[in-house]
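Working notes, structure below.
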Amino acid sequence: MLTRNQIKSALKENDIRIRKRLGQNFLVNRKIQEKIVDALGISKGDTVIEIGPGLGALTGELTKRAKRVIAIEKDRRLYDFLLKKRSMDDPGNLELIHGDILKHRFDCRESRKLKVVGNLPYYISSPILIRLLTERRCVDTIFITVQKEFAERLVARASSKAYGAITCFVQFYSKPSFLFTIERSSFYPVPKVDSCFLRIDIYNDGLYLTDEEKLFKIIRACFGKRRKKILNSLYSSNEFASKEEVLEKLEIAGIAPERRPETVSLEEFVKLTNSV
Ligand code: SAM
């Protein structure tokens with residue numbers, strides 16, 4: 001892993017400018033690098049996808065432990081830098097892809113499901129996670145570094161300030177767990193906020209649900225008006241024909257109509273959807 005000064009020299013020598021727009025903050029803390037790679041529990045048969053390898057802070061360690069590493073980098077100049085590095089010291093199991101993780105097609109033909117890791121570019125953490133959960137058939141576990149505030153939203157419980165639509169989406173498909181905090185000084189350039197490293201385990205069998213699309217329509221409608229009573233949020237969502245119908249479905253789901261959406265648990269939202 002490169003130190004702060006080595007990064008500065010490498011950027012200069014290769015005529016690379018840091019692109020804030022692509023969320024480029026490079027890891028410079030070796031202890032954190034070790035903690036991240038250890039947390040993955042990689043075994044020799046694993047294929048690992050790395051999102052945004054940057055200057056390769058994690059990539060080298062990953063190739064030492066996994067069968068195969070597929071690293072996807074959007075910035076052409078960083079991709080070229082990694083290609084050059086690989087040509088000098090080829091580990092033999094590193095596939096570099098110049099591309100956008102949001103457009104990447106996951107390959108489900110691997111005998112084992114994929115482990116995905118990344119110190120995510122903060123500007124698109126949420127779309128990346130949604131994409132990974134959409135590709136969940138191919139993915140086993142996700143390990144990501146995200147901004148602390150975003151991490152809090154993912155692991156939140158009902159009735160807390162951080163609880164919202166993204167909490168429900170992520171917790172419907174997976175179990176996110178907080179592993180450790182990463183101070184902002186662990187990156188160069190130093191970002192404005194601290195980060196957290198999370199482990200996200202995809203569920204094989206989730207909650208029983210009749211209509212996934214409806215569940216998330218209802219959740220989004222409710223959190224769009226989280227201070228209103230759930231009766232009114234649901235009624236204005238256009239998913240129900242009348243207030244009487246909303247009242248009836250809320251009763252079946254065991255949710256009092258005067259409750260605020262932010263106090264309703266994911267399990268209750270699922271019950272409500274199944275009653276519709
Ligand atoms: N993994 C490196 C590290 O820890 O030092 C870099 C982390 S940096 C926070 C995020 C990386 O993601 C950058 O290299 C950036 O160019 C890359 N990136 C940004 N948007 C991307 C996208 N849509 N697809 C793939 N990589 C992306």
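Atoms within each ligand, like the ligands themselves, are counted from 1 in listed order. Positions are given from 1, in the same order as the sequence printed here.
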Begin with the C-alpha distance, continue with both residues' side-chain angles, and end with the deciding distance and a verdict on ring pair (Phe, Tyr, Trp, His ring centres under 6.0 Å) for F223 and Y163.
-> CA-CA 9 Å; F223 283 104; Y163 182 65; 5.5 Å; yes

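Looking only at side-chain heavy atoms (C-beta outward), Y188 and I18 come within less than 4.5 Å of each other. Inter-residue side-chain proximity for L2 and F26 is flagged as unmet; no heavy-atom pair is nearer than 4.5 Å. Side-chain contact check for R157 versus Q171: some heavy-atom pair is nearer than 4.5 Å.
Near ligand 1, residues L22, G23, Q24, N25, F26, L27, E50, G52, P53, G54, A57, I72, E73, K74, D75, L78, G99, D100, I101, N119, L120, P121, Y123, I124 come within 4.0 angstrom through at least one heavy atom.
For K35 and F180, the positive end sits near the middle of the six-membered ring, less than 6.0 Å away and at most 45° from its axis.
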Taking only distance into account, with no hydrogens and no angle test, what donor-acceptor pairs under 3.5 Å do side-chain atoms of residues 52-62 form with protein atoms, sequence neighbours excluded?
from	atom 1	to	atom 2	distance (Å)
T59	OG1	E50	OE1	2.7
E61	OE2	K64	NZ	2.9

